[in-house]
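Data first, discussion second: the structure below is written as structure tokens.
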Amino acid sequence: MENGAIIENLRARELIFQLAGEEALVEHLSTGSRTLYCGFDPTADSLHIGSLVPLLVLRRFQLAGHKPIALVGGATGLVGDPSFKAQERQLNTPDIISAWVDKIRDQVAAYIDFDCGANSALVVNNLEWMADMDVLSFLRDVGKHFSVNAMIQKESVKQRIEREGSGISFTEFTYLILQSYDFSKLNRLYNCTLQIGGSDQWGNITGGIDLTRRLHGAQVYGLTMPLVTKADGAKFGKTETGTIWLDPARTSPYAFYQFWLNSADTDAYRFLRYFTFLEVADIVALEAADRERQGRPEAQGVLATEVTRLVHGAAGLEAARRITAALFSGSIASLSESDVQQLRLDGLPASTLARSDFEDGTLTQVLTDSGLAASGKQVKDALGRQAVTINGRPLGWDDNMRLAQCFLPEEALFGRFYLAKLGKKKYHLFEIA
RNA sequence: GGAGGGGUUCCCGAGUGGCCAAAGGGAUCAGACUGUAAAUCUGACGCGUGAGCUUCGGUGGUUCGAAUCCACCCCCCUCCA
């Protein structure tokens, strides 16, 4: 791809929300290989799929011949970004943040290429330059360039300032300045001239553009991507089981695959643009083909396949599909013993029980403890609707107290496995020790 | 430091002595319908199979009885100094 075609490409993928310095930026990108960055703050020990969009855009830029820098916010994570947050955030300890930084650095590194010559990627931590800055230098050399009048006008903090019942601490208010300083610093260190981020980062990015000009007289640019939304208005990236994380220890490849497979029709094509490297023309063709056909569209399957491979690799995808095939084909009985064991290794939720555990206790207890159900009430509700099965046999309300009859020895797969199912989509494998 | 407003179950938000496990909405879960969709309808939605148990910032108190009243404390917001 030509250096400059990247903007056109991103536009076709609907990945551009706002551009700072549009024409100049296109010109800038067309005339050489540039350095750009995106920041990722450690707010947990893993990124979630919301961060995938900017991460992949970094890679898109790299594929177009530009040099990406992934910045991990070891310093900014200590402060907390107030942008569009309704409430002040709880501060985490430096120890915790530092541990998170390590994990996120590794995670981020998987999406960009560190060994491709001149435009090899970099990962940096803003603690490198923020740690030794003293308060007075900060206030005199950096803070002096910011107008509080302008800062309180930022849309990102407006609700915190104007809304009755909320507020903002000086700490979080200062976040904008820290992130702005990052940009100017990267501009100095690596001649970084573009910052990208989610649309919520617009205020922080323009702050950095202004500061870089004031500090170094350099013209730099910004680009934001749209916030990922869902057709039904629910928050993207969350499911009943919680957030969809990139870390396979937190969200198994199977769960990850299922998440994408369950995308709404109206979202699937947009997500294909956002989260895959498929050509836009191919996505358009797929959409047209799906429209022609009756029944289930192919888009979700393609989406799940592509994104799972991207994040969890071919092996992760393989595992996810294997489980999906086994569970949704209804042919659990046809699985071999090693298949069943493989399911467990592949990330199907599982736990080990002893026969003696069935002597007393209740089914609701067992299913709740296993994590299959959130509460006994849920199990109770499902039992009343024939929505709980073990190895394919539906259980009723009467079975709740008779645990041993739910797990009959003769019904065990290979003498020791029970696959419990709650509703249509939730499974848990029990192995008898 | 002063004056005022506020902290309710995942979120928003009603509730000012018993009828309150706490309205309503959202989110979520399950069932029907389907395509492992959407929309719609139904049910659940603090915990417990159950009797029952534990909740309304915290601690004490008043009362037969408190989310509701009182005292003190903690936290948040607004204005003043």
Side-chain angles (χ1 to χ4, degrees), chain A residues 82 85-91 157 159-173 229-244 254-271 287 290-305 320-321 323-332 348 358 360-369 371-389 394-406 420-428:
Chain A
K85 301 283 191 309
Q87 287 187 327
E88 185 86 9
R89 309 272 281 222
Q90 186 75 39
L91 288 176
V157 295
Q159 71 161 318
R160 291 281 288 277
I161 289 174
E162 289 178 357
R163 187 187 173 200
E164 182 83 12
S166 70
I168 183 166
S169 67
F170 180 71
T171 306
E172 286 197 4
F173 190 57
T229 55
K230 295 209 303 187
D232 61 8
K235 194 165 183 177
F236 173 75
K238 305 270 186 183
T239 68
E240 65 277 10
T241 11
T243 305
I244 303 296
Y254 163 69
F256 189 85
Y257 182 85
Q258 284 289 322
F259 170 79
W260 296 104
L261 200 58
N262 280 305
S263 303
D265 293 4
T266 42
D267 291 329
Y269 308 97
R270 199 159 38 91
F271 289 175
E287 184 167 6
D290 277 343
R291 227 193 330 262
E292 289 301 307
R293 196 176 329 107
Q294 290 296 312
R296 180 160 203 176
E298 279 180 16
Q300 285 91 338
V302 176
L303 177 67
T305 301
R321 300 186 98 159
I323 300 181
T324 298
L327 298 185
F328 289 94
S329 68
S331 59
I332 297 151
L348 181 71
F358 301 143
D360 52 25
T362 58
L363 186 62
T364 49
Q365 189 71 47
V366 170
L367 296 188
T368 310
D369 288 350
L372 182 60
S375 74
K377 284 267 165 57
Q378 260 183 32
V379 180
K380 182 180 171 182
D381 182 48
L383 281 170
R385 295 160 185 274
Q386 300 279 296
V388 179
T389 67
L395 299 175
W397 183 227
D398 297 340
D399 294 308
N400 185 38
M401 295 301 287
R402 295 176 298 174
L403 200 47
Q405 303 199 23
C406 302
K421 177 181 172 192
L422 191 155
K424 284 175 186 160
K425 298 179 194 172
K426 291 196 285 199
Y427 293 89
H428 191 92

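Worth saying up front: this structure is predicted, and the values here are computed from it rather than measured. Values below: every heavy atom of this structure, side chains too, minus hydrogens, waters and symmetry copies. Residue numbering restarts at 1 for every chain, and letters A, B, ... go by the order of the sequence lines.
Here the CG atom belonging to A/Leu303 is positioned 11.0 Å from the CG atom belonging to A/Asn262, to the nearest 0.5 angstrom. Taking OG1 of A/Thr364 as the start and NZ of A/Lys377 as the end, the distance is 11.0 Å to the nearest 0.5 Å.
Rounded to whole Å, the separation between the C1' atoms of B/C20 and B/G1 comes to 40 Å. Nucleotides B/G57 and B/C77 have their C1' atoms positioned 15 Å apart, rounded to a whole Å. Comparing the same atom, C1', in B/G65 and in B/C76 gives a spacing of 32 Å after rounding to whole Å. Separation of the P atoms belonging to B/U59 and B/C64 is 23 Å when rounded to the nearest angstrom. Going from the P atom of B/G7 to that of B/C69 covers 11 Å, rounded to whole Å. With both ends at atom P, the span from B/C10 to B/G5 equals 28 Å, rounded to whole Å. Here, B/C47 and B/U40 have their C1' atoms 32 Å apart, quoted to the whole Å. Separation of the C1' atoms belonging to B/U8 and B/A23 is 12 Å when rounded to the nearest angstrom.
By the 4.5 Å heavy-atom criterion applied to side chains, A/Leu327 and A/Leu348 are counted as neighbours. A/Arg296 places none of its side-chain heavy atoms less than 4.5 Å from the side chain of A/Asp290. Using a 4.5 Å cut-off on side-chain heavy atoms (C-beta onward), A/Thr305 and A/Arg321 make contact.
Between B/U36, B/G35, B/U49, one nucleotide has an atom nearer to the side chain of A/Thr362 than all others, and that is B/U49. Ranking B/G48, B/U49, B/A30 by closeness to the A/Lys377 side chain, first place goes to B/G48.
At a threshold of 4.0 angstrom between heavy atoms, the contacts of A/Ser375 are confined to the sugar-phosphate backbone, with no base atom among them. Note on A/Leu363: nothing from the nucleic acid sits closer than 4.0 angstrom, heavy atoms only. Within the 4.0 angstrom heavy-atom criterion, base atoms lie near A/Gln300. Note on A/Gln365: nothing from the nucleic acid sits closer than 4.0 angstrom, heavy atoms only.
Residue A/Ala387 is the one, among A/Asp265 and A/Ala387, whose nearest nucleotide of RNA chain B lies closer to the 5' end (criterion: closest heavy atom). Comparing A/Tyr257 and A/Lys380 by the nucleotide of RNA chain B that holds the closest heavy atom to each, the one mapping nearer the 5' end is A/Tyr257.
Between A/Leu383 atom CG and B/G50 atom C1' the separation is 15 Å, expressed in whole Å. In this structure, A/Glu172 atom CD and B/C76 atom C1' are separated by 14 Å, rounded to whole Å. One atom, CD of A/Gln258, and another, P of B/G35, lie 17 Å apart when rounded to the nearest Å. One interatomic measurement links the two molecules: CZ of A/Phe328 to P of B/U34, which rounds to 18 Å at whole-angstrom precision. Computed from coordinates, the A/Asp381 CG to B/C45 C1' distance equals 9 Å when rounded to whole Å. Rounded to a whole Å, the NZ atom of A/Lys424 is 13 Å from the C1' atom of B/A38. Protein atom CZ of A/Arg385 is 9 Å distant from nucleotide atom P of B/A32, rounded to whole Å. Whole-Å rounding puts the A/Asp267 CG to B/G35 P distance at 20 Å.
Not one side-chain nitrogen or oxygen of A/Lys425 sits closer than 4.0 Å to the OP1 or OP2 atom of B/G31.
Minimum interatomic distance between A/Gly396 and A/Leu383 (heavy atoms only, all atoms of both residues): O-CD2, 3.5 Å. Closest approach of A/Val379 and A/Val388 over heavy atoms only: O-CG2, 4.4 Å.
The pairing partner recorded for B/G60 is B/C70, the criterion being a Watson-Crick or G-U wobble arrangement whose two distances lie under 3.5 angstrom. Pairing for B/A27 is absent, judged as Watson-Crick or G-U wobble with the two contacts each under 3.5 Å. Base pairing of B/G46: its partner is B/C53, meeting the Watson-Crick or G-U wobble criterion (both donor-acceptor distances under 3.5 Å). Using N1 to N3 plus N6-O4 or O6-N4 for Watson-Crick, or N1-O2 and O6-N3 for G-U wobble, each under 3.5 Å, B/G35 pairs with nothing.
Judged by centroid separation below 5.5 Å and plane tilt below 30°, A/Trp397 does not stack onto the base of B/U49.
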